[in-house]
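The shown structure was predicted, so the numbers you read here are calculated from the model rather than taken from an experiment. Order of the sequence lines fixes the chain letters, A, B, ..., with proteins taken first and strands second; residue numbering starts at 1 for each chain.
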Protein chains: 2
Amino acid sequence: MSAKQDEDALIGLAQEFRDALRQSVYVLRRLDAHGELSSAQLSVLKMALDGGARVGEIARDLGVKVPSATEQIIRLERAGLLRREADPNDSRAVRVAATAEGRAAVDLADRRRNERIAAILATLGRDERDAIRAALPVFHKINSSVRD
Amino acid sequence: MSAKQDEDALIGLAQEFRDALRQSVYVLRRLDAHGELSSAQLSVLKMALDGGARVGEIARDLGVKVPSATEQIIRLERAGLLRREADPNDSRAVRVAATAEGRAAVDLADRRRNERIAAILATLGRDERDAIRAALPVFHKINSSVRD
DNA sequence: ACCTAACTATTAGGCTACCTAAATATGAGC
DNA sequence: GCTCATATTTAGGTAGCCTAATAGTTAGGT
């Protein structure tokens with residue numbers, strides 16, 4: 001097979017991959033049920049679970065700019081799900097830590113979302129689930145490479 | 001393996017899958033370069049390529065409500081990339097058709113996006129690409145099942 | 001023929017989640 | 001102690017989605 005053909009095959013795969021990405025957005029949107037934590041908020045809150053995190057760390061982990069993280073944090077704080085406290089080592093920084101209510105909310109939302117996805121995965125054949133399982137680490141790798 | 005263990009494995013897979021979905025959103029965001037058609041607009045415009053489509057059809061295909069589709073269509077019309085015309089068979093309906101400029105814009109945006117993705121896929125090993133390839137149809141199936 | 005119910009699209013108003021630029025405050029190096 | 005870098009917040013803006021209300025068109029029943 002020529003280099004040109006390789007290139008074409010790669011572009012074709014890219015096109016299909018792009019479609020899958022787009023569809024993933026819609027799947028994720030459906031997963032956001034009313035009255036529950038949104039995907040974005042859940043992600044922020046999860047970072048605030050163990051020992052707390054700084055605003056900048058949260059933003060970096062989520063792939064958004066700092067002001068976007070601040071916005072979510074403020075909302076979650078108003079909802080009583082996390083607290084902002086001064087960092088003892090660096091008073092420029094703010095440490096964000098989940099409250100007990102926050103922990104409970106993460107627990108509940110996580111469980112519900114997993115159940116919804118699991119219900120879908122349960123309708124797949126074993127080979128299909130295996131295909132998904134095999135692809136997940138590659139998705140992870142792709143994401144990391146895009147982050148930089 | 002007990003049914004309980006099966007269930008647990010499924011939940012675990014669901015959790016990983018959810019992470020991958022979330023990451024997909026970020027990958028897709030990075031793919032939206034400045035000054036180019038957005039993902040959403042590109043999708044709308046693609047539907048308007050061959051023979052035109054009705055607003056409702058576009059909305060359904062994109063998994064959004066009709067007013068959201070209208071909004072994108074209006075923007076694209078203002079940009080000169082598509083035209084809205086009365087449907088000859090049903091004057092309630094509106095047919096949306098891409099202009100020559102629209103076609104060119106789709107072409108360009110599609111090529112650029114595919115190139116960006118292909119560049120990432122090129123960094124993967126053959127087995128990793130195969131894993132992606134095998135998973136894509138399953139993603140498609142999952143999406144369809146969520147749509148209903 | 002007509003009236004009602006169903007359908008198609010738009011308008012109006014509102015929300016979330018992102019962004020950039022500017023302001024504020026603290027820390028660190030010389 | 002000045003200056004420069006770092007951490008966060010505030011202010012203002014945009015895209016893209018939503019629901020509810022409106023207007024026009026079609027189709028079905030009597």
Side-chain angles (χ1 to χ4, degrees), chain A residues 22 24-45 47-48 52-79 82-97, chain B residues 22 24-45 47-48 52-79 81-97 109:
Chain A
R22 183 174 71 85
S24 296
V25 175
Y26 300 129
V27 172
L28 207 57
R29 228 189 323 266
R30 303 295 168 100
L31 208 58
D32 273 331
H34 295 301
E36 235 174 61
L37 287 171
S38 70
S39 279
Q41 289 181 333
L42 183 52
S43 296
V44 169
L45 203 44
M47 290 274 315
R54 292 162 59 138
V55 177
E57 286 173 353
I58 292 176
R60 210 168 312 115
D61 184 78
L62 267 62
V64 300
K65 301 298 176 188
V66 173
S68 304
T70 297
E71 188 181 330
Q72 300 294 355
I73 289 165
I74 288 174
R75 241 205 289 274
L76 289 166
E77 188 177 41
R78 274 203 284 260
L82 57 75
R83 265 188 307 270
R84 280 190 287 181
E85 330 175 319
D87 187 318
N89 304 328
D90 182 348
S91 23
R92 291 170 303 180
V94 168
R95 294 209 69 81
V96 174
Chain B
R22 182 173 74 83
S24 296
V25 175
Y26 299 128
V27 172
L28 206 57
R29 226 187 326 264
R30 302 295 167 99
L31 208 57
D32 274 330
H34 293 302
E36 235 175 63
L37 285 171
S38 70
S39 280
Q41 290 182 333
L42 183 52
S43 296
V44 169
L45 204 44
M47 291 273 317
R54 294 163 58 139
V55 177
E57 286 172 353
I58 292 175
R60 211 168 310 118
D61 185 75
L62 267 63
V64 301
K65 300 298 176 188
V66 173
S68 304
T70 296
E71 188 180 331
Q72 300 293 356
I73 289 165
I74 289 174
R75 241 204 290 273
L76 290 167
E77 188 178 41
R78 274 203 282 261
L81 301 182
L82 57 76
R83 264 189 308 271
R84 280 190 288 182
E85 329 175 321
D87 186 317
N89 304 327
D90 183 345
S91 24
R92 290 171 303 183
V94 169
R95 296 208 68 81
V96 175

Contacts under 3.5 Å, N or O only, protein and nucleotides 1-6 of chain C:
none

Task: Closest to side chain of B:A40, choosing from D:dT26, D:dG16, C:dC18 - done: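 Nearest to the side chain of B:A40 among the choices is D:dG16.
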Open item on the list: Tell me which residues in residues 58-65 of chain B lie within less than 4.0 Å of DNA chain C, going by non-hydrogen atoms.
Closed with: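 Within this stretch, nothing sits under 4.0 Å of the strand.
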- [ ] For nucleotides 10-16 of chain C, just jot down a letter per nucleotide in 5' to 3' order: B, S or -, based on protein non-hydrogen atoms under 4.0 Å.
- [x] BB----S
Open item on the list: Using OP1 and OP2 only, check whether a side-chain N or O of B:S91 sits under 4.0 Å from C:dT8.
Closed with: no
Task: Side-chain N or O of B:S68 closer than 4.0 Å to phosphate OP1/OP2 of D:dG16 - done: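 It does not, given that no N or O in the side chain of B:S68 lies less than 4.0 Å from OP1 or OP2 of D:dG16.
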Open item on the list: If you assign each of A:R29 and A:G56 to its closest nucleotide in DNA chain D, which residue comes earlier from the 5' end?
Closed with: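 Closer to the 5' end of DNA chain D: A:G56.
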Open item on the list: Do A:D32 and A:S38 pair up side chain to side chain, a donor and an acceptor below 3.5 Å, judged on atom types alone?
Closed with: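 Note: A:D32 and A:S38 side chains miss the donor-acceptor criterion.
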Task: Nearest-angstrom distance from the residue atom CG of B:N89 to P of D:dT26 - done: 10 Å
Output all residues satisfying side-chain hydrogen bond (donor to acceptor under 3.5 Å, both in side chains) with [X], sequence neighbours left out; order by chain, then residue number.
| X | value |
| --- | --- |
| B:T70 | none |
| B:S68 | none |
| B:R92 | B:D90 |

Open item on the list: Under the rule for side chain to side chain contact (heavy atoms under 4.5 Å, CB included), what residues qualify as partners of B:E77, not counting sequence neighbours?
Closed with: B:L82, B:R84
Open item on the list: Can you give me the bend angle of the helix from C:dA1-D:dT30 to C:dC30-D:dG1? Use the axis through the first five pairs and the one through the last five, nearest 10 degrees.
Closed with: 10°
Task: Pairs involving residues 57-73 of chain A, ordered by first then second residue, that meet salt bridge (Lys or Arg N to Asp or Glu O under 4.0 Å) (sequence neighbours left out) - done: A:E71-A:R75
